[in-house]
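Owing to the predicted nature of the structure, the values given are computational and were not obtained by experimental measurement.
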Amino acid sequence: MHAQFLQQAIQLAADNARTGQGGPFGALIVKDQQVLAASGNQVTRTLDPTAHAEVNAIRQACLQLNDFQLHDCILYTSCEPCPMCLGAIYWARLAKVYYACSRFDAAAVNFDDSFIYDEILVAPAERRIAMHHIKLPDALQPFQLWSENETKVAY
């Protein structure tokens, strides 16, 4: 079954590439052998740089299950997830990921995320997009309030 679901993700990617409706990426999320969500990359169509196929599928599946975690779900994606999607996968608590192409295959057609992997290891102030830490007296207040809130939904 894994190959069949992965083939569906590849078809979504191919449809996107053929129509120009988004990048050449597709993803679907399956639970108990049933497809919960399927999406192609929609970055250019929606003008949203976070609208990667994996993120779109995660959003759809969470709505379908009415849950912000996707325990016992499997992601099938046409390409190895980028760093952003990898983060989303871990936050969503997916059980497994199956992918077809590698990040090196994607880099060969100018979808190269290696600079992001490199940037993660650089000190924030020294990154290509410098990140500056400003200490403010009440900066920790939201975390303190969160810690004290007895009705919070932990995640």
Side-chain angles (χ1 to χ4, degrees), residues 1-122 124 127-133 142-143 145-146 149 151-155:
M1 284 302 286
H2 297 304
Q4 292 173 343
F5 288 127
L6 194 53
Q7 190 60 52
Q8 288 181 48
I10 293 168
Q11 187 60 52
L12 286 166
D15 290 346
N16 254 14
R18 189 177 302 106
T19 64
Q21 292 297 304
F25 303 96
L28 54 115
I29 294 178
V30 174
K31 182 174 184 175
D32 300 326
Q33 304 296 314
Q34 298 294 315
V35 175
L36 295 178
S39 182
N41 176 293
Q42 297 177 9
V43 170
T44 57
R45 195 176 106 235
T46 63
L47 305 177
D48 179 354
T50 68
H52 289 201
E54 297 91 337
V55 171
N56 292 338
I58 288 169
R59 289 173 178 156
Q60 290 174 18
C62 286
L63 289 174
Q64 182 72 19
L65 294 177
N66 197 34
D67 197 343
F68 55 87
Q69 295 183 344
L70 300 173
H71 296 287
D72 304 319
C73 293
I74 299 173
L75 171 69
Y76 295 89
T77 181
S78 62
C79 189
E80 180 180 354
C82 75
M84 177 186 68
C85 293
L86 185 62
I89 288 162
Y90 277 96
W91 284 120
R93 313 291 199 276
L94 284 151
K96 294 180 185 177
V97 175
Y98 291 90
Y99 63 93
C101 296
S102 74
R103 64 184 179 189
F104 305 107
D105 296 323
V109 293
N110 296 319
F111 287 98
D112 189 356
D113 298 324
S114 62
F115 75 98
I116 298 173
Y117 288 100
D118 295 341
E119 286 285 289
I120 291 169
L121 303 175
V122 175
R127 293 180 178 152
R128 290 183 190 182
I129 300 174
M131 300 182 181
H132 305 283
H133 180 209
F143 292 140
L145 292 169
W146 175 260
N149 185 338
T151 62
K152 68 181 171 255
V153 177
Y155 61 96

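Closest approach of Leu12 and Ala27 over heavy atoms only: CD1-O, 3.6 Å. The two residues Ile129 and Glu119 come nearest to each other via the heavy atoms N-OE1, 4.3 Å. The shortest heavy-atom contact between Ala51 and Asn56 is O-ND2, 3.1 Å. The two residues Cys79 and Ala106 make their nearest non-hydrogen contact at SG-CB, 3.8 Å. Taking every heavy atom of both residues into account, Ala13 and Ser78 meet most closely at CB-OG, 3.6 Å. Listed here is the closest heavy atom pair of Asp105 and Ser102: OD2-N, 2.8 Å.
The distance from atom NZ of Lys96 to atom NE2 of His2, rounded to the nearest 0.5 Å, is 5.5 Å. Note that CG of Leu65 is 10.0 Å distant from CG of Asp72, once rounded to the nearest 0.5 Å. Expressed to the nearest 0.5 Å, how far CD of Glu54 lies from OH of Tyr99 amounts to 12.0 Å.
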Could you please spell out the steps behind the side-chain contact (heavy atoms from CB on, under 4.5 Å) verdict for Ile74 and Met1? CA-CA 12 Å; Ile74 299 173; Met1 284 302 286; over 6 Å; no

Applying side-chain contact (heavy atoms from CB on, under 4.5 Å), run through Phe68 and Tyr155 and close with a yes or a no. CA-CA 8 Å; Phe68 55 87; Tyr155 61 96; 3.1 Å; yes

Start with the C-alpha gap between Tyr76 and Gln7, add the side-chain angles, then the distance that decides, and say whether side-chain contact (heavy atoms from CB on, under 4.5 Å) holds. CA-CA 9 Å; Tyr76 295 89; Gln7 190 60 52; over 6 Å; no

For Met84 and Thr50, run side-chain contact (heavy atoms from CB on, under 4.5 Å): C-alpha distance rounded to whole Å, both residues' side-chain angles, the deciding distance at 0.1 Å, then the answer. CA-CA 8 Å; Met84 177 186 68; Thr50 68; 3.9 Å; yes

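Of the possible donor and acceptor atoms, one in the side chain of Arg93 sits under 3.5 Å from a partner among the backbone N and O of Trp91. With Asn41 contributing its side chain and Gly22 its backbone, the two residues share no donor-acceptor pair below 3.5 Å. Although no hydrogens or angles enter the test, the distance criterion places no donor-acceptor pair under 3.5 Å between the side chain of Ser39 and the main chain of Ala57. A donor-acceptor pair under 3.5 Å links the side-chain atoms of Arg127 to the main chain of Val122, judged by distance alone.
Inspection of the Gln69 and His71 side chains reveals an N or O donor paired with an N or O acceptor under 3.5 Å.
In this structure, the side chains of Lys152 and Trp146 come closer than 4.5 Å at one or more pairs of heavy atoms. Two residues are said to be in side-chain contact when any heavy atoms from C-beta on lie closer than 4.5 Å; Asn16 and Phe25 fail this criterion. Within the 4.5 Å cutoff, the side chain of His133 has no heavy atoms near those of the Pro124 side chain. With a 4.5 Å cut-off on side-chain heavy atoms, Pro83 and Asp113 count as touching. Here the side chains of Leu94 and Ile58 are in contact, with some heavy-atom distance below 4.5 Å. Taking 4.5 Å as the limit, some side-chain heavy atom of Cys73 sits within range of a side-chain heavy atom of Leu36.
Here salt bridge (charged side-chain N to carboxylate O under 4.0 Å, His left out) pairs that include residues 9-33, with residues two or more places apart or in two chains, are Asp15-Arg18.
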